[in-house]
Amino acid sequence: MSLTLYNTLTRREEPFVPLEPGRVRMYCCGVTVYDYCHVGHARSYTIWDVVRRYLMWRGYQVRYVQNFTDIDDKILNRARETGSTMQAVADRFTETYFEDMERLNVLKADEYPRATHTLNGIQRLIRELETRGFAYPANGDVYYRVRKFDGYGKLSNRKLEEMEAGRSGRVEAADADAPKKEDPFDFALWKAAKPEEPFWESPWGNGRPGWHIECSAMVRDCLGETIDIHCGGADLVFPHHENEIAQSEAATGKPLANFWLHNGMVTVSGEKMSKSLGNFTTIRDLLDGKWSVYPQVVDPMALRLFILQAHYRKPLDFTPEAIASAENGWNTLKEGLLFGKKFGEKLGWNDAETETISAYQERFQQAMDGDINTPGGLAVVFELAKALQREGNVLVHQGKADTDAATLQQQWHTLVELAEVLGLEVRSQEEPQTAVGGLTDAEIEALIDRRKAARQAKNFAESDRLRDELKTSGITLIDKPGGITEWHR
RNA sequence: GGGGGCAUAGCCAAGUGGUAAGGCAGGAGACUGCAAAUCUCCGAUUCCCCGGUUCAAAUCCGGGUGCCCCCUCCA
């Protein structure tokens, strides 16, 4: 069995073979740090996190690099609007990126290059392109000579003539740089500084790098001339990744990446979630219960589950119903994942190494090997979680489980292992134990005692009133056989 | 105009030639004073439409229809 991945470059699923046996070099296009991340970003970084985790689980040593674009017009605009500086804005939203990803349990990259720290590599690359005739200066700017690169269009599968011919029905925005370009398709490698903008010195004058060049330079600096996997959102295929290929391959004469992976867009009512459409929900607003159509706190793992329940290349529609569904699904998984903590000791589990159940492992792997089929992998995880949830309840109600302790331990071990490959973990620090209703445990117990008395006296009106009273304080009661009542917040 | 992708139960979603995974929601029963929780059971004669290939197709081929993404910053 081997892992196959859909490669945008060849438009086929291909067996994944790394350049160097056992090692994977992976680069992911990161965010431009000018605002909070939204659910679309969450999807992208979650899915690449899963690809990375899966490769590691498959035994590869993965080196994962993801950049921050911290030089950009949008950051500058934000700085102007808020009376701040590009650096300060970039630092702030780099920080919030980390906070959001931490909540989503996205593993930290091995390296986070930033445009502002890569100026040497960028300038070196531009100089090489200039020497080779792929770049030309024009009034302080430097442009890439697109028509000189034969392979231009190979990733996005388009021909310059055809793009020229149609140009879609959109209004063509005037390109202010057009007079400086030899050809309308040329793009900027270096932009001359405008008054009052931050700049860096260069052989072409003071200025700053264009967007595409930073990734070419960072990949080379951090991972080498050819890497195994380059990934990002499907909206980056053209022009961003196409231009990266043009820059890197013109300079080195080698392929930039063997596999190009792209994730599908998150949509809202069928339309792409994006800043420009204004239909986005930030990760923190969603998790903190500030999404207007779903004003409840959302478990980060439910968001993760929502993302993984769709195949990564398909569009994913973001709706309150889907989030509610994912929350319920996560509760089931969580029950399964907590099984060991709740019942392990009672079942007399030993500390010895427990084996993963191969039947489940193989089914999981088979699904994931098929272009990271997370919905298929989740089916296996859910089967285990449901089985354990059931056993847990049988155990609580009948005092003993239907399955022997050793098998349960293996099932639990398998569940935890496979769920972790998907990054689905119960993280204890996320359980806020603040008493919403302000009742202390003793007060709650006292109310329960009063209700018990009422029930024994068959005064059900009073007992139901007490139950409702507790309910409004956020306390749920569970009546069990033998007159025992348990409660939880 | 060009390029890419998608259409499977109420909703989400796997499945690429061998007779439809899984999740959510829903229904019935058990339990309960009633609830909640839990347990058991139940759902597509059918995979957008029309043709074709085949012993056999959701899966392959041809033709339609509808939707999304990209060609402008974008994950």
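Lettering of chains follows the sequences in order, A, B, ..., and the numbering in each one begins at 1. Source: prediction; values computed, not measured. Every heavy atom of this structure was used, including side-chain atoms; hydrogens, water molecules and symmetry mates were not.
If you check distances only, the side chain of A:Arg467 never reaches the base of B:A36 with a donor-acceptor pair under 3.5 Å.
In this structure, A:Lys342 pairs ionically with A:Glu335, as a charged nitrogen and a carboxylate oxygen lie closer than 4.0 Å.
Listed nucleotides: B:C34, B:C70, B:G3. Nearest to the side chain of A:Arg451: B:C34. If you check B:C24, B:A7, B:C71 against the side chain of A:Phe238, the one that comes closest is B:C71. If you check B:C6, B:G5, B:C70 against the side chain of A:Arg11, the one that comes closest is B:G5. Among B:G15, B:G5, B:C70, the nucleotide with an atom closest to any side-chain atom of A:Tyr6 is B:G5.
Nucleotides B:C24 and B:A9 have their C1' atoms positioned 13 Å apart, rounded to a whole Å. For the C1' atoms, the distance linking B:U16 with B:U59 amounts to 5 Å, nearest Å. Between B:G51 and B:U38, the two P atoms lie 48 Å apart (nearest whole Å). Remark: the separation of the P atoms in B:G26 and B:G64 is 43 Å, to the nearest Å.
Under a 3.5 Å cut-off, the side chain of A:Glu111 and the backbone N or O of A:Val65 do not form any donor-acceptor pair.
Rounding to whole angstrom units, CZ of residue A:Phe382 and C1' of B:C24 are separated by 9 Å. Computed from coordinates, the A:Phe185 CZ to B:G2 P distance equals 15 Å when rounded to whole Å. One interatomic measurement links the two molecules: CZ of A:Arg390 to C1' of B:A30, which rounds to 14 Å at whole-angstrom precision. Taking atom CH2 of residue A:Trp330 and atom P of nucleotide B:G23, one finds them 16 Å apart after rounding to whole Å. In this structure, A:Leu316 atom CG and B:C6 atom C1' are separated by 14 Å, rounded to whole Å. At whole-Å resolution of the value, CG in A:Asp402 and C1' in B:U38 are 13 Å apart. If you measure from atom CZ of A:Arg158 to atom P of B:G4, you get 10 Å, rounded to the nearest angstrom. What separates CD of A:Glu462 from C1' of B:C34 is a distance of 15 Å, to the nearest Å.
When both pairing distances are held under 3.5 Å, B:U45 makes no Watson-Crick or G-U pair with any nucleotide shown. In a base pair of the Watson-Crick type (N1 to N3 plus N6-O4 or O6-N4) or a G-U wobble (N1-O2 and O6-N3), with each distance short of 3.5 Å, B:A7 is matched with B:U65. Base pairing annotation: B:A20 forms no Watson-Crick or G-U wobble pair, as no partner gives both donor-acceptor distances under 3.5 Å. In this structure, B:A58 forms no base pair with any nucleotide, since neither Watson-Crick nor G-U wobble geometry is met with both distances under 3.5 Å. When Watson-Crick and G-U wobble pairs are counted only if both distances are under 3.5 Å, B:A28 pairs with B:U40.
Regarding contacts with the backbone of B:A75, every side-chain N or O of A:Asn263 stays at 4.0 angstrom or more from both OP1 and OP2.
Each of A:Glu383 and A:Arg313 lies near RNA chain B, and the nucleotide nearest A:Arg313 is the one positioned closer to the 5' end. Between A:Gly370 and A:Asp464, the residue whose closest nucleotide on RNA chain B is further toward the 5' end is A:Gly370.
Within 4.0 Å (heavy atoms only), A:Lys386 reaches sugar-phosphate atoms of the nucleic acid but no base atom. Residue A:Val394 is out of contact with every strand shown, counting any heavy-atom pair closer than 4.0 Å.
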message = Using the rule given for ring pair (Phe, Tyr, Trp, His ring centres under 6.0 Å), can you reason through A:Trp57 versus A:Tyr54, listing the C-alpha separation, both sets of side-chain angles and the distance that settles it, and then say yes or no?
response = CA-CA 5 Å; A:Trp57 184 70; A:Tyr54 186 64; 5.7 Å; yes
request  = Please assess A:Tyr34 against A:Lys275 for the test side chain to side chain contact (heavy atoms under 4.5 Å, CB included), listing each intermediate value before the final yes or no.
outcome  = CA-CA 11 Å; A:Tyr34 74 106; A:Lys275 289 283 184 178; 3.3 Å; yes
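Between A:Trp260 and A:His241, the ring-plane angle classifies as tilted under the 30° and 60° cut-offs. Ring planes of A:Phe98 and A:Phe68: perpendicular class, angle over 60° (limits at 30 and 60°).
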